[in-house]
Asker: 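Dropping a structure here in C-alpha cells format, bear with me for questions.
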Number of protein chains: 2
Amino acid sequence: MAESTALDEMICFQLYAASRSMTGLYRPLLDPHGLTYPQYLVLRVLWHDGSTTVRDLGRTLQLDSGTLSPLLKRLEAQGHLVRTRGADDERTVLITLTGAGQALRDEIGDLTQALLCSINLTVDELTQLNQLLLRARGTSALDESPRKVTPA
Amino acid sequence: MAESTALDEMICFQLYAASRSMTGLYRPLLDPHGLTYPQYLVLRVLWHDGSTTVRDLGRTLQLDSGTLSPLLKRLEAQGHLVRTRGADDERTVLITLTGAGQALRDEIGDLTQALLCSINLTVDELTQLNQLLLRARGTSALDESPRKVTPA
DNA sequence: CACCATTCAGTTGTGCACAACTGAATTGCG
DNA sequence: CGCAATTCAGTTGTGCACAACTGAATGGTG
C-alpha cells in the first residue's frame, strides 16, 4: 500500500502535464490557421456532425456555455460559422459552418501524421491509453450519454 | 490503417477531457482551503522539497514564470509562503513556506482515498496509465531533466 | 389557463496557460 | 576589464475553464 499511496495523485499531475503538452503539439499546426485547440475541437464536431446547438456541443466536448459562448463568438467573427436562434425553440442557438468554415477542413488537412511523429507511443499503446482514459473518466464503452461520436 | 488514423487525435481529446475531469475531482477537496489545483501542486512541491526558486518550480511543474508569478503572488497574499530575492544571485526568487503553509499540509491531509473512490481504475491500471502518460510526453524513466521528484 | 420549475445561452468575475516582451543581474569571451 | 549574450522573474495581452448568476423561453402541473 505504501508504494501506491501517492500513485493516483501522481497520475493527476501526469494527466495535467500530458494534456498541456499535447495542446502544445497542436499549437504550431493550428496557429497558421488562427485557431486554438478548443476551437479546432469545435470545428471537428461541426465537420463531422454538421449543424448543432450550443447545448449539444457542450455535451460532446464537456464544456459549458460560459466557455463555448465566447469561443463561438470568436469563430463567428473569423467567419467560420454563424449562430442562429432555433426556429422551434427560441432558447437554443444553432451553430452552422459557413463555406469558409467547411473549406478550413481541407486547408488544415490531416494532422494525424504530424502528431504521430511527436508522440513516441505505438498504436497498441495509444489504444490502451485511450481505453484507460475513457474508464478513468467513468465513461465506459456502454455509456448512456446522448452523444454519438468521440469528437477528436 | 483506416481504423487507427484518428486514434491519436481522439486521445488528445481524451487527455484534455480527463485532465479537466481530474481537476474537477480535486475542486471540492481544495475549495474549502481556498486552493486551486495548480496552487496545490506548487504546495506539494514545497512540502516535499522545501524552499525552491521560481525557476526550479517551473522545471518541476513544466510552467513558466508567466503562470507562476501571479500564482505565487496569490499564495503569498494568502500567507502560505514568502518570496525573497536570492542572496547570491539577485535574479532568482526563493520561495519558502510560512508556518501556515507548512500547517496546511496536515489540514488538507491525504486526498488519496477520496480520489481513489472517484476514479474507477485498479492500482494496476493506474500504474499502466502513469507509464503510458510518461512515455507519451517523451519523459522516459531515464530522463535527463534536473528535477528529482514527480510532484504530485 | 396560471404559475412555478426547468432549460438554454449568455455575462461576469477569477484563475490558470502561454506567447511576447521588459529590465535587471549574471556569465562568458575576447 | 568591457561588453554582448544569456538567465531570471515579472508584466501584458489573449484565450480558455468554470462558478455563479441573469433573463428569456419552454414545459409541466394543478
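Letters go in sequence order (proteins before strands), and every chain restarts at 1.
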Asker: Do you see a donor-acceptor pair shorter than 3.5 Å between the side chains of D124(B) and T122(B)?
Answerer: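 The answer is no; no qualifying pair exists.
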Asker: Could you report the tightest heavy-atom contact between T53(B) and D56(B), atom names first, then the distance?
Answerer: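 Heavy atoms only, the tightest pair is OG1-N, 3.1 Å.
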Asker: Give me the residues of residues 69-88 of chain B where at least one heavy atom lies under 4.0 Å from an atom of DNA chain C, by number, or none.
Answerer: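 Under 4.0 Å from DNA chain C: L71(B), R74(B), D88(B).
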Asker: Atom CG of L41(B) to atom P of dG15(C): distance rounded to whole Å?
Answerer: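 The distance from CG of L41(B) to P of dG15(C) comes to 17 Å, rounded to the nearest Å.
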Asker: Please determine if a side-chain N or O atom of Y16(B) lies less than 4.0 Å away from the OP1 or OP2 oxygen of dA17(D).
Answerer: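 For Y16(B), the contact criterion (side-chain N or O under 4.0 Å from OP1 or OP2 of dA17(D)) is met.
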Asker: Checking D49(A) against T52(A): is there a side-chain donor and acceptor pair closer than 3.5 Å?
Answerer: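 Result is no, nothing qualifies.
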Asker: Do the rings of Y16(A) and Y37(B) sit parallel, tilted or perpendicular, given the 30° and 60° boundaries?
Answerer: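 Because their plane-to-plane angle is over 60°, the rings of Y16(A) and Y37(B) count as perpendicular.
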Asker: Rounded to the nearest angstrom, tell me the gap between atom CG in D31(A) and atom C1' in dG15(D).
Answerer: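 Between C1' of dG15(D) and CG of D31(A): 12 Å.
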Asker: For the side chain of L63(A), starting at C-beta, report the closest nucleotide among dA17(D), dA24(C), dA19(D).
Answerer: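 Selected nucleotide (nearest to the side chain): dA17(D).
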Asker: Considering only dA25(C), dA19(D), dG10(C), which nucleotide approaches the side chain of V54(A) most closely?
Answerer: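 So the side chain of V54(A) is nearest to dG10(C).
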Asker: Mind calculating the distance between CZ (F13(A)) and P (dA17(C)) to the nearest angstrom?
Answerer: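 For the pair F13(A) CZ and dA17(C) P, the rounded distance is 11 Å.
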Asker: In a check of side-chain contact (heavy atoms from CB on, under 4.5 Å) between L57(B) and each of V93(B), L63(B), V45(B), L71(B), which one passes?
Answerer: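 Filter result, single survivor: V45(B).
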Asker: CG of L94(A) versus C1' of dA9(C): gap in Å, rounded?
Answerer: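 Checked: the CG to C1' distance equals 13 Å.
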Asker: Quick one: is dA9(D) close enough that its OP1 or OP2 comes under 4.0 Å of any side-chain N or O from R55(B)?
Answerer: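 No, R55(B) has no side-chain N/O under 4.0 Å of OP1/OP2 on dA9(D).
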Asker: Taking all non-hydrogen atoms of both residues, which atom of W47(B) and which atom of G101(B) are closest, and how far apart?
Answerer: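 Smallest heavy-atom distance, with atoms named: NE1-O, 3.0 Å.
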Asker: Give the nucleotide from the list dC18(D), dC18(C), dA25(C) with an atom nearest to the side chain of T67(A).
Answerer: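 Side chain of T67(A) sits closest to dC18(D).
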Asker: Once you apply a heavy-atom cut-off of 4.0 Å, does S65(A) come out as touching a base, just sugar-phosphate, or nothing?
Answerer: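 If one applies the 4.0 Å heavy-atom cut-off, S65(A) turns out to touch a base.
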Asker: Find the distance L68(A):CG to dG15(D):P and express it as a whole number of Å.
Answerer: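 Result: 16 Å.
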Asker: Select base, sugar-phosphate, or nothing to describe what T23(A) touches, counting heavy atoms under 4.0 Å on all strands.
Answerer: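 If one applies the 4.0 Å heavy-atom cut-off, T23(A) turns out to touch nothing in the nucleic acid.
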Asker: Let's see if you can work this out: which of dG15(C), dT7(C), dT26(C) has an atom nearest to the side-chain heavy atoms of Q39(B)?
Answerer: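 Within the option list, the nearest is dG15(C).
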Asker: Round to the nearest Å and state the distance from D64(A) atom CG to dT12(C) atom P.
Answerer: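 Atom CG in D64(A) sits about 16 Å away from atom P in dT12(C).
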Asker: Closest to the R59(A) side chain: dC16(D), dC8(C), dA19(D)?
Answerer: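 Side chain of R59(A) sits closest to dC8(C).
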Asker: Which residue lies toward the 5' end of DNA chain C, E90(B) or T36(B), if each is placed at its nearest nucleotide?
Answerer: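 On the 5' side of the pair lies T36(B).
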Asker: Separation of R27(A) atom CZ from dG15(D) atom P, in whole Å?
Answerer: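 These atoms are roughly 13 Å apart.
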Asker: Between L30(B) (CG) and dC18(D) (P), how many Å, whole number?
Answerer: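 Result: 15 Å.
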Asker: V82(A) and V54(A): same hydrophobic cluster, using ILVMFWY side-chain contacts below 4.5 Å?
Answerer: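 No, V82(A) and V54(A) fall in different hydrophobic clusters.
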Asker: Picking from dC8(C), dA9(D), dG10(C), which would you name as closest to the side chain of T53(B)?
Answerer: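 Nearest to the side chain of T53(B) among the choices is dA9(D).
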Asker: For salt bridge (charged side-chain N to carboxylate O under 4.0 Å, His left out), just list the numbers for E76(B) and R83(B), CA-CA rounded to whole Å, side-chain angles, deciding distance to a tenth of an Å, and then say yes or no.
Answerer: CA-CA 7 Å; E76(B) 188 180 37; R83(B) 294 186 292 165; 3.2 Å; yes
